[in-house]
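Letters A, B, ... are given to chains in the order of the sequence lines, protein chains preceding strands, and every chain is numbered from 1.
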Amino acid sequence: MNERDERERRPGDGPVPGDDEALAGAWALDALDDDERAAYEERLRRDPAERRAADELREAASLLGAAAAVPPPARLRADVLAAIARTPQEPPAGPSPVAGLAAARRSRRGPSRWAALVAAAGIVVAAVGTGVALDARSDAERARQVAAAQLQQRQDAQETLEQVAALVASGESVTVQASSGGSATVVRAGDRAAVVTAGLPAPGEGHAYQLWLVHDQGVTPAGMLPGAGEQDGPAVALVEGLGAATALGLSVEPAGGSRQPTTTPVVVAPLPA
Amino acid sequence: MGAMTTSRPRAAGAAGPGDADAALAAAARGDQAAFAAFYDATAAAVHGTVLRVLRDPAQSEEVVQEVFLEAWRTAARFDPGRGSARGWVVTMAHRRAVDRVRSSQAGSSREERYGVREEAPYDSVSEEVEVLLEREEVQRALGVLSPVQREAVDLAYYGGRTHRQIAEDLHLPLGTVKTRLRDALLKLRDAMGVRS
């Protein structure tokens, strides 16, 4: 038995190896249940160092597969090659901010919707390129007013709103017209972004607006946007842990939120670097 | 896809199908011949992984086919900065196989098939030799694991058990299982040169 081994710390393996830290092994071996896996991958998204360590463990785990190698029957090769000849590929990610959106197609439930979004995002970015310079100041001003107004109304979210207001006052904003009507203004500062929406239509009974981060690993939930679509009023949210996210999306989801978008997002705003 | 970075984690010790990366990169641009090369470099690992977990040749072939179709469709998403192409596709295969095992359908009849012959017929002597050599090399590397580490890792990877189930199977606290799995992979990583 080698119990001591299991307690051994290794330099460079990250700080305190708490429970989460130790999850990397189970994750790499696909030994987490679905909920744990989702939670841990959320953490990976926010923690590049942990992500890197986890990737290494996953590469190591794949050796267990290599150790079990057994060539498949020859006809399988013919079947696979015939099948790919009939199967379109998803286009590669390019170097622009839109590139990360290609990863949006990872969404299992709505690949075609998000694929369409990539095309739409091209238009968005083009529009931003020409229009945002003119609008940025007024949008920032409007967003600042909105954030300030909300600040007074919602004491429970005071801290968040203060941060949003600070962000809006300091950063460069991008405003995107929502496909459903209304708009969203996004301001990024480092690893955080403030989102201010206005004039979004009501999400419908039992539904709410949910934010998404779009990055190379796919699309991940970025919290709900409470108040959006109510009485045409503005709504404000602070999104943290942007990491390598390249865009922020917004879609109507069941009130409790979804793990992946289940409807066509009404907004995909590129995140300024 | 940019050039490969120098700091990628990868399995240097088991880099038999090292061409898999280049082949996959070309396949991502629609090159079907390159995809065939990628298949040749990785099919044994993918098939073996799935077969080991599912223990059913027919189902395994089905999953292998699904995996390679997905690999073809999503080849452009492969990020060489995060690992090898073979690791990528084996991970994909393992995930699918485990999903099947955990679904009631596959799980219910799996134990009955436990004794099924695992070896599929080899297609050629050279392929057999190549696969056996590489497999032997990797298996030797697995020898760095302590018996208890090996047991836990086998239950997880080949058995498709969750860490909770393993804790029950082995009558161990969950925390012990977590760290055991993690430490086993750290050891394996170091032994195989899967290192940044």
Side-chain angles (χ1 to χ4, degrees), chain A residues 1-3 5-8 10 13 17 19 21-26 28-33 36 51-52 55-77 79-81 83-85 87-93 95 102-103 105-106 216-218, chain B residues 1 9-11 14 28 30 32 35-36 39 43-45 47-49 51-52 61 64-65 68-69 72-77 79 82-84 87 90-91 94-95 98 118-120 122-123 127 131 134-135 138-139 142 146 148 156-157 162-163 178-183 185-186 188-189 192 194:
Chain A
M1 304 299 259
N2 205 350
E3 289 297 323
D5 211 12
E6 295 169 13
R7 290 170 213 282
E8 185 178 281
R10 294 188 186 238
D13 287 335
D19 271 5
E21 197 85 24
L23 281 179
L29 292 159
D30 288 326
L32 296 179
D33 65 37
E36 290 169 324
R51 156 111 268 160
R52 173 152 193 78
D55 280 345
E56 287 181 359
L57 294 196
R58 192 163 65 175
E59 183 77 10
S62 76
L63 295 172
L64 293 159
V70 177
R75 65 184 145 69
L76 197 62
R77 184 181 193 273
D79 289 350
V80 165
L81 297 182
I84 65 150
T87 305
Q89 286 179 295
E90 298 178 6
R105 288 184 301 272
R106 277 192 173 209
D216 286 347
Q217 313 316 324
Chain B
M1 298 260 131
R10 64 166 309 140
Q32 295 182 19
F35 192 80
Y39 178 95
H47 178 248
T49 300
L51 188 61
R52 190 67 167 265
E61 286 176 28
V64 170
Q65 196 160 356
F68 278 106
L69 259 187
W72 166 254
R73 280 194 301 100
T74 64
R77 270 197 232 139
D79 178 357
R82 293 187 55 193
S84 68
V90 166
T91 296
H94 187 257
R95 179 78 222 156
V98 165
E118 282 180 31
E119 310 297 309
Y122 291 102
D123 294 323
E127 187 177 20
V131 167
E134 194 198 339
R135 196 169 69 175
V138 180
Q139 284 172 346
L142 297 184
S146 72
V148 293
Y157 200 81
T162 67
H163 61 171
K178 280 183 195 172
T179 49
R180 189 171 290 182
L181 292 175
R182 174 173 179 265
D183 291 347
L185 290 185
L186 282 171
L188 205 50
R189 178 196 73 181
M192 300 298 294
V194 182

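- At least one side-chain heavy atom of Arg189(B) sits less than 4.5 Å from a side-chain heavy atom of Glu56(A).
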| task | Step by step, work out the salt bridge (Lys or Arg N to Asp or Glu O under 4.0 Å) result for Glu59(A) and Arg82(B). | result | CA-CA 9 Å; Glu59(A) 183 77 10; Arg82(B) 293 187 55 193; over 6 Å; no
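- Contact between Leu29(A) and His94(B) at its shortest, heavy atoms only, is O-CE1, 3.3 Å.
- Taking OH of Tyr39(B) as the reference point, atom CG of Leu81(A) lies at 7.5 Å (rounded to 0.5 Å).
- Atom OG1 of Thr74(B) is separated from atom CD of Gln89(A) by 9.0 Å, given to the nearest 0.5 angstrom.
- Expressed to the nearest 0.5 Å, how far NZ of Lys178(B) lies from CG of Leu23(A) amounts to 4.5 Å.
- For Ala60(A) against Leu188(B), the heavy-atom pair with the smallest separation is O-CD2, 3.7 Å.
- Inter-residue side-chain proximity for Val80(A) and Leu69(B) is flagged as unmet; no heavy-atom pair is nearer than 4.5 Å.
- Arg52(B) contributes no side-chain N or O that, together with a main-chain N or O of Ala68(A), makes up a donor-acceptor pair within less than 3.5 Å.
- The side-chain heavy atoms of Glu61(B) and Pro73(A), taken from C-beta on, include a pair separated by under 4.5 Å.
- Rounded to the nearest 0.5 angstrom, Phe68(B) CZ and Arg77(A) CZ are separated by 10.5 Å.
- Note that CG of Leu64(A) and OG1 of Thr49(B) are 8.5 Å apart. Values are rounded to the nearest 0.5 Å.
- Not counting sequence neighbours, the partners of Ala26(A) by the side chain to side chain contact (heavy atoms under 4.5 Å, CB included) test are Ala31(A), Leu32(A), His163(B), Leu181(B).
- Pairing each heavy atom of Leu142(B) with each of Ala67(A), the nearest pair is CD1-CB, 3.7 Å.
- Taking CD from Gln65(B) and CG from Leu76(A), the interatomic distance works out to 5.5 Å, rounded to the nearest 0.5 Å.
- The two residues Thr91(B) and Ser62(A) make their nearest non-hydrogen contact at OG1-CB, 4.5 Å.
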